[in-house]
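These notes concern the structure reproduced below.
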Amino acid sequence: MTGAGVNNGLIDELRDRGLLAQVSDEAGLTDHLESGSRTLYCGFDPTADSLHIGNLVPLLTLRRFQQHGHRPILLLGGATGLIGDPSGRTDERSLNQAEVVAGWVEKIRRQVEGLVSFEGNNAAIIENNLEWTAEMDVISFLRDIGKYFSVNAMIQRDSVRDRLDRDDQGISYTEFSYMLLQAMDYAELAARHHCTLQIGGSDQWGNIVSGMDLVRRKHGGEAYALTVPLITKADGTKFGKTASGAVWLSAERTSPYSFYQFWLNTADADIEHFLKVFTFLPVTEIDALLTQFREAPGERLAQKTLAAEVTRMLHGEDALDSACRITDALFSGDIGSLTEADLVQLMQDGMDTTAVDASVGLLTLLADSGLAPSRGQARKLVASGGVRINGVVAEDPERELDFSDALHGRFYLVRRGKKNWHLLVRKSDAQKA
RNA sequence: GGAGGGGUUCCCGAGUGGUCAAAGGGACCAGACUGUAAAUCUGAUGGCUUAGCCUUCGAAGGUUCGAAUCCUUCCCCCUCCA
């Protein structure tokens, strides 16, 4: 990764992995990439304090470019995040406070730092577009940037036209201007770092092309655009969502265990696709793995490999170990074999935990822990046999959990359905642990 | 501006005075089967101190023993004409 040599065949590899949605000039870009170490960028707007797994696709694509000898720039949208990208949105966004967005930028910065290398000749760079937009005055913006854009062309963009065509939604001038800001980023990075390629999700095509045009017009420079597909699932449901919401990259929002479980639950129909997109295993190795997997699908070797690879990459070896440990403990079916240390470990490894002083009613616990939406629902859940305490189906909804029959005298492992767990621990011991 | 149509529980959508916490479908949840998969089958899906009670059908009032259903005003959406 640190070498000067540039590997060829990157574009072909991206295509093999299903990572190529659109390219502005494939032959030209291929030559460009194979004739030297280039600089490319991808922008990430802070819309929350963490990125989610949808962002992983362009993020890992940057990493692939870096492995092929190119220099990636991670552009954090400290400015664009204040405006709101209309792409793919059917409604106007509400604006976030500037201080809040600035805080998000910092958190996201720390997140992306682990995914690309900052060593060597093609060390990654992190930029924040607030740097060159915050001080810009309106007149300069309109004269130096705005002059290059035709409103006639802008309103033809899908992201804008979708909103203009709607009867119930318009688009504000604020969001309409978004593509100018993004285009300006490309031009700025071209000037600062000789950046010649912007990548992004396929919904970004319009914005990226705008930037490419601006670079060419303003600087007469070389500029390319490439997008990766939005990830879809074979069953048509939205990728990246679970019952408890989006899957985040931050360990605070989505624990490494939950993250591991998300990948482990990948459908057979999606597994090849996901292995190619989300791991760095060579395609030949993935093919061999799939052959083995298809001989014994029940072993779910492919899912386990995917989950391990991605979890290790994002959260590290230790987090992967603990995720595997929790998984083994919970799904081996033998709760009674867990040692006290194992249970303490579960708690430390991020399992949802409630600590109480003495005793708590089962319904109250189910409702308060979020395992059930309400006491009434909890009651029905118990009636349908969907709740287990320490591995045993709970039959009495009025049951009091008073630790008389707790694991090691202080733990209750409560399970809803197959995959939803909650740990109840006696409070004095929770502090000690 | 004129003429019509409409806003129902997470979504779509039935319901035109009591038998309505509201058909049906989807989604989601649980159970069975399985591989912590898919498909399939079964059940559940407003809240609660759950054989009962309380709160919901755009909003606020009103009629009535009783309203999602009738009346009044208001808000919002759609279609056609100008």
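So you know, we letter chains A, B, ... as the sequences are listed, proteins then strands, and number each from 1.
- Using bins of under 30°, 30° to 60° and over 60° for the plane-to-plane angle, the ring pair A/Tyr173/A/Phe176 lands in the tilted bin.
- Scanning for side-chain hydrogen bond (donor to acceptor under 3.5 Å, both in side chains) contacts around A/Thr80 gives A/Asp45, A/Asn129, with sequence neighbours left out.
- The gap from the C1' atom of B/rG66 to that of B/rC12 amounts to 31 Å, rounded to the nearest Å.
- Residues satisfying the side-chain hydrogen bond (donor to acceptor under 3.5 Å, both in side chains) test with A/Glu285, not counting sequence neighbours, are none.
- Taking atom P in both B/rC57 and B/rA21, the straight-line distance is 14 Å, to the nearest Å.
- The pairing partner recorded for B/rU79 is B/rA3, the criterion being a Watson-Crick or G-U wobble arrangement whose two distances lie under 3.5 angstrom.
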Quick one: what's the B/S/- string for nucleotides 35-46 of chain B, heavy-atom cutoff under 4.0 Å, read 5' to 3'? BBB------SS-
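- With sequence neighbours left out, the side-chain hydrogen bond (donor to acceptor under 3.5 Å, both in side chains) criterion links A/Glu395 to no other residue.
- A/Tyr412 and A/Phe403 have tilted rings, their planes meeting at an angle from 30° to 60° on a 0 to 90° scale.
- Between B/rC29 and B/rU8, the two C1' atoms lie 23 Å apart (nearest whole Å).
- Comparing the C1' positions of B/rU69 and B/rG62 gives a spacing of 15 Å, expressed to the nearest Å.
- Evaluation of the side chain to side chain contact (heavy atoms under 4.5 Å, CB included) rule for A/Pro256 yields A/Ala251, A/His315, A/Ala319 as partners, not counting sequence neighbours.
- The residue A/Gly417 sits close only to the backbone: its heavy atoms come under 4.0 Å of sugar-phosphate atoms, none of a base.
- Of all nucleotides present, only B/rC29 satisfies the Watson-Crick or G-U wobble test against B/rG43, with each distance under 3.5 Å.
- Not a single side-chain hydrogen bond (donor to acceptor under 3.5 Å, both in side chains) links A/Ser202 to another residue, sequence neighbours left out.
- Spacing between atom CD of A/Glu398 and atom P of B/rC48 amounts to 13 Å, rounded to whole angstrom units.
- Comparing the C1' positions of B/rG52 and B/rG5 gives an interatomic distance of 42 Å, to the nearest angstrom.
- The separation of B/rC28 from B/rG43, taken at their C1' atoms, amounts to 14 Å, rounded to a whole angstrom.
- A distance of about 14 Å separates the C1' atoms of B/rU9 and B/rG26, rounded to the whole Å.
- Regarding A/Leu362, its CG atom lies at a distance of 13 Å from the P atom of B/rU49, rounded to whole Å.
- Using C1' as the reference atom, B/rA59 and B/rG7 are 12 Å apart when rounded to the nearest Å.
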